Amino acid sequence: MKQKGLLYTGKAKSVYRTDVKGQLIVEFRDDITAFDGGKKDRLANKGSYNAEVSAFIFRYLEKNGVKTHFVKMLDPRRMVVRELSMIPLEVIVRNLAAGSIVRNYPFKEGTKLNPPVTVIDYKDDARHDPMLNDDLIVALKLATPAELARIKATALKINALLVKLMAAQDITLVDFKIEFGRGGRTIYLGDEISMDSMRLWDTVTGESLDKDVYRFSKGDVMATYNRVARRITEKPGKAGRKRAPAQAGPEPAKSSIRQTKRKI
Ligand code: 5GP
């Protein structure tokens, strides 16, 4: 397969055309950003850790009946995907309260959300990704009611599968963001699922294992990404139980997180 011209470049990934009809190449770059691009860095190997985890999760979801855009890996940071017409929705599923819902609503961090809470935002950086509801999604013609029902059901199925996958490695899936696209009449999971788009806590220590380490300068971001990539992609019992000691450094409200998490 030959990589052709750049089709699109985002904050952490670039998408290229190829010489194969209906297939694109997604390159996971080493760029990392937070707070609407207000904090930016380039961290060696970050792209390959996220690509590895995304590929592993896409394969796992496909095996369990979820249609994804994943085709194959070309090298550690370049993924071949089915070309989709992306739907500009950020579908977020939350199992525990953290991040923006703690800032915007009266939830205590770590509160268990059962059933999980699905929130859908309009993917539009200039508008700061405002939250949508079903009526707005249909009125804006972003998705039909039938597509929306399908997207929500698929998001909850993905959540159940990921909760199970992570639990086997003593990782609590707090929340994650996914995006969908149309390929013909079928809706596929697109984009990525990685440490940039999931919020993950060590079930035992409460330690952050995701982009919050970067957002809130909680420790060595790449050491965390590398360690989490090993834990997610290796067999349970191998990477899951034999962990490096928790990183040093203060973690706000760690004791309350730990207490809450013991109840899960
Ligand atoms: P929050 O709304 O709490 O900031 O984010 C909820 C979850 O969705 C977190 O796991 C976060 O990483 C993910 N998320 C929200 N917005 C974005 C985004 O624009 N890009 C990525 N990669 N992940 C996001």
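Index from 1, following the sequence. Just follow the structure's listing: the first ligand is 1, and inside any ligand the first atom is 1. All of these numbers come straight from a predicted model, not from anything done at the bench.
Here Ile32 contributes atom CD1 and Leu43 contributes atom CG; the two are 5.5 Å apart, rounded to the nearest 0.5 Å. If you take CG on Leu24 and CZ on Arg82, they are separated by 11.0 Å, rounding to the nearest 0.5 Å.
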Quick one, Thr172 with Met166, criterion side-chain contact (heavy atoms from CB on, under 4.5 Å). Give me CA distance, side-chain angles, the key distance, then yes/no.
CA-CA 6 Å; Thr172 301; Met166 299 300 166; over 6 Å; no
For the pair Phe58 and Met73, evaluate side-chain contact (heavy atoms from CB on, under 4.5 Å) and give the outcome as yes or no after the intermediate values.
CA-CA 11 Å; Phe58 282 141; Met73 293 304 291; over 6 Å; no
Apply side-chain contact (heavy atoms from CB on, under 4.5 Å) to the pair Leu200 and Leu173, showing each step before the final yes or no.
CA-CA 5 Å; Leu200 304 170; Leu173 178 65; 3.7 Å; yes
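Of the protein's heavy atoms, Asp175 OD1, 3.3 Å lies nearest to atom 7 (C) of ligand 1. In this structure, the protein non-hydrogen atom closest to atom 3 (O) of ligand 1 is Ser100 N, 2.8 Å. At the top of the distance list for atom 14 (N) of ligand 1, counting protein heavy atoms only, stands Lys177 CB, 3.6 Å.
Where the criterion is an N or O separation shorter than 3.5 Å, residue side chain and backbone included, Glu192 fails it with respect to ligand 1. Among the atoms of Glu90, some N or O lies under 3.5 angstrom from an N or O of ligand 1. In terms of polar-atom proximity, Arg94 is counted as a contact of ligand 1, with an N or O under 3.5 Å from an N or O of the ligand.
For the pair Met131 and Asn104, the minimum side-chain heavy-atom distance is 4.5 Å or more.
Contacts between Lys13 and ligand 1, counted as non-hydrogen atom pairs separated by less than 4.0 Å, are absent for every part of the residue.
Around atom 5 (O) of ligand 1, the closest heavy atom drawn from Arg199, Glu179, Met195 belongs to Arg199. Across the listed options Lys211, Lys123, Arg215, Arg215 owns the non-hydrogen atom lying nearest to atom 12 (O) of ligand 1.
If you number the atoms of ligand 1 from 1 as listed, the ones under 4.0 Å from a heavy atom of Ala98 come out as 3 (O). If you number the atoms of ligand 1 from 1 as listed, the ones under 4.0 Å from a heavy atom of Gly99 come out as 3 (O). For ligand 1, the atoms sitting less than 4.0 Å from at least one non-hydrogen atom of Asp196 are 12 (O), 21 (C), 22 (N), 23 (N), numbered in the order shown with element in parentheses.
Judged by a 6.0 Å distance limit and a 45° cone about the ring axis, Lys46 is not positioned over the six-membered ring of Tyr225.
Using a 4.0 Å cut-off between a side-chain N of Lys or Arg and a carboxylate O of Asp or Glu, Lys11 and Asp125 qualify as a salt bridge.
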